[in-house]
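Let me begin by presenting the structure, written as structure tokens, before commenting on it.
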Amino acid sequence: MKTGKEHIEGLRDGRAVYLHGKRVDDVTTHPAYRNAVASVGRLFDFASAAENRDLMTFQPKDGGERANRIWELPGSYQELVSRRGALEAWTGLHAGFMGRAPDHVASCIAGMYMGVEVFEAYDPKRAQALADYYRYARDNDLYLTYVIINPQADRSKSASQQKDEFLTAGVVDRDAEGITVRGAKMLATGGVMADEVFVTSIQPLQPGDERYAISLAIPMNAKGLKVLSRKSYEEQAQSVFDNPLSSRFDENDAVLFFDDVKVPWERVFIVDNLDMCQKQFHATPAHVYQNYQAMIRLSVKLRFLLGLARRIADINGIVAFPQVREMLGQLAAEGGMVDALVAAMEAKGTQRGPYFIPDRHTLYSAQTLTQQLYPKIVTTLRELAGGGMIMLPSSVEDFANPELAELIGKTQQSPAANSLERVKFYKLAWDAVGSEFASRHTQYEMFYAGATFVTKGHSFRTYDWDRSAKLVDGMLNGYSLEDEIEPAQAAE
């Protein structure tokens, strides 16, 4: 198990991160990333703490030392639920605002490994590379991000039809040692502070796109890999008091450009195969397992937002209003629905060989509904707060001025909190639902699982339509036109 200090030290590896037109010397100390890096460090400290051993670690069945539960391959319902307990505890440290924390892509790779026979049918050597990489990542407690989406460019054309044939990352050369990759992929959320990146395509590729049909993993400091960071919200958040979330949990997003990056064969899982790029997700438990983790994270995040909603009502002294209780009751029902869907994924799970896998359709039901639900909950919090989240002191420096501090004490009143507590709370609430950081999160929760037609398509594809059809047929078969016409004719 890796400590936070060890993880942070590992990020001083010469990775090529670019921000504001310059290369970042050290992501662990740069004001755009250092607090988020420290937050990831705290995750690893929590996971490796002796008092959390039973909660956060498991004993791999192939021997070796205990490992982080993010890499666990549950063999039963109870093991799946125990792993969820670890993921919930970890997520609680960032209230669900780190959507690509280490447990997400670990779940993806673990899910692929649980379906390694799909890779064996494709190519035994690539299957061995996957199996070896799973064990390597598990045993070294790696933090992985991924880039599985192509640059948007002209969405009406496939990757091979773009003006630049290497706009999308694809194979430019290969030899006995491995393949060479050139082009771009997105979105490397958390890539600035991850150890390695998993590179592939989750979007269906078209005939002619074979050179882009790759699946591989490389270190973030690989020679030729350039990390083009978006604007940092952390960098703009000078005070934790004023921006408690964006100052500490902005995991950042980035475009990765592969400037002729050499990838050894032992790190290549798929090459030149369009069908396998889809099968690695949908013919194995990978897509379900990674998004099951995402729903656990989201359930914790919604719990946090519901806590904000209730506190807003308390601080504003409106919790006894019938219309406010109605709003809170609706929120409670929606939060309870997400919790229930997570539990149902587990309860309806099925055995796949030695592994116990969450139920696919329940997962896709949850994704479809929560894409619509998240912005609705954010809007409800805005309605509850009114102007409370807007009319706040400009910054923590206002409290350092005795005259202003006195005025803050008079104007920031609440029946449930003193002026300092009220300001502190509303700064948190605004950072969660109204800041630029919060706006990015609303966009993220609406689209991280894909466009709405994608999640609805998954729901359509995995629903048990035959079961419904049998009910309809059973009802139709219970009566007939002849049953009514023949007796009537006989009576004549």
query: Can you check whether Thr362's main-chain N or O pairs, donor with acceptor, with Asp359's side chain at less than 3.5 Å?
result: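 Judged by distance alone, yes, a pair lies under 3.5 Å.
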query: Counting distance only, does the side-chain N/O of Arg211 pair as donor-acceptor with the main-chain N or O of Val171 below 3.5 Å?
result: yes
Between [X] and [Y], which heavy-atom pair has the shortest distance, and what is it?
X      : Y      : value
Leu43  : Ala101 : CD1-CB, 4.3 Å
Arg69  : Ala86  : CD-CB, 3.7 Å
Thr168 : Lys185 : CG2-CD, 4.4 Å

task: Test side chain to side chain contact (heavy atoms under 4.5 Å, CB included) on Met276 and Phe119 and set out the steps.
output: CA-CA 8 Å; Met276 268 304 296; Phe119 285 82; 3.8 Å; yes
Please determine if [X] and [Y] form a salt bridge, counting it only when a charged side-chain N lies under 4.0 Å from a carboxylate O.
X      : Y      : answer
Arg174 : Asp272 : yes
Asp253 : Arg440 : yes
Asp132 : Arg267 : no
Glu79  : Arg84  : no
Glu120 : Arg126 : no

Ring geometry between [Y] and [X] (parallel below 30°, tilted from 30 to 60°, perpendicular above 60°):
X      : Y      : answer
Phe437 : His441 : tilted
His287 : Phe281 : perpendicular
Phe198 : Phe269 : tilted
Phe304 : Phe97  : perpendicular

Heavy-atom check, side chain of [X] versus side chain of [Y], under 4.5 Å:
X      : Y      : result
Asp62  : Arg135 : yes
Ile312 : Phe425 : yes
Tyr289 : Ile357 : no
Ser107 : Ile70  : no
Tyr463 : Ser468 : yes
Thr57  : Asn68  : no
Met98  : Val40  : yes

task: For Tyr133, check side-chain hydrogen bond (donor to acceptor under 3.5 Å, both in side chains) against everything at least two apart and list the hits.
output: Glu196
With no hydrogens and no angle check, just 3.5 Å: does a side-chain donor-acceptor pair link [X] and [Y]?
X      : Y      : value
Lys301 : Thr91  : no
Thr189 : Glu251 : no
Thr455 : Gln371 : yes
Arg100 : Tyr444 : yes
Arg42  : Ser39  : yes
Glu165 : Ser160 : no
Thr284 : Tyr113 : no
Asn291 : Gln367 : yes
Ser246 : Asp250 : no

message: Could you walk me through whether Asn243 and Lys427 satisfy the side chain to side chain donor-acceptor pair (under 3.5 Å) test, starting with their C-alpha distance in whole Å, then the side-chain angles of each, then the deciding distance to 0.1 Å, before giving a yes or no?
response: CA-CA 7 Å; Asn243 307 96; Lys427 291 277 189 179; over 6 Å; no
message: Check for me whether Arg182 meets the cation-pi criterion with Phe166, that is, NZ or CZ under 6.0 Å from the six-membered ring centre and within 45 degrees of the ring axis.
response: yes
Worked check of ring pair (Phe, Tyr, Trp, His ring centres under 6.0 Å) between Trp71 and Phe58: CA-CA 9 Å; Trp71 298 101; Phe58 76 106; 9.4 Å; no
Derivation of the side chain to side chain donor-acceptor pair (under 3.5 Å) call for Glu326 and Gln330: CA-CA 6 Å; Glu326 180 183 7; Gln330 179 69 30; over 6 Å; no
- request: Give a yes or no on this: more than 12 heavy atoms of other residues, nucleotides or ligands lie within 6.0 Å of atom CZ of Arg311.
  value: no
- prompt: Taking atom CD of Gln323 as the centre, does the number of heavy atoms from other residues, nucleotides or ligands within less than 6.0 Å exceed 12?
  reply: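 Counting neighbours around CD of Gln323, more than 12 heavy atoms of other residues, nucleotides or ligands fall under 6.0 Å, so yes.
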- line: salt bridge (Lys or Arg N to Asp or Glu O under 4.0 Å) filter on Glu210, not counting sequence neighbours, yields none
CA sep, side-chain torsions, deciding dist, call: Thr370, Glu445, side chain to side chain donor-acceptor pair (under 3.5 Å): CA-CA 8 Å; Thr370 54; Glu445 300 297 357; over 6 Å; no
message: Which residues pass the side-chain contact (heavy atoms from CB on, under 4.5 Å) test with Pro375, not counting sequence neighbours?
response: Thr442, Met446
- prompt: Stepwise, does the side chain to side chain donor-acceptor pair (under 3.5 Å) test hold for His361 with Ser459?
  reply: CA-CA 6 Å; His361 184 258; Ser459 178; 3.1 Å; yes
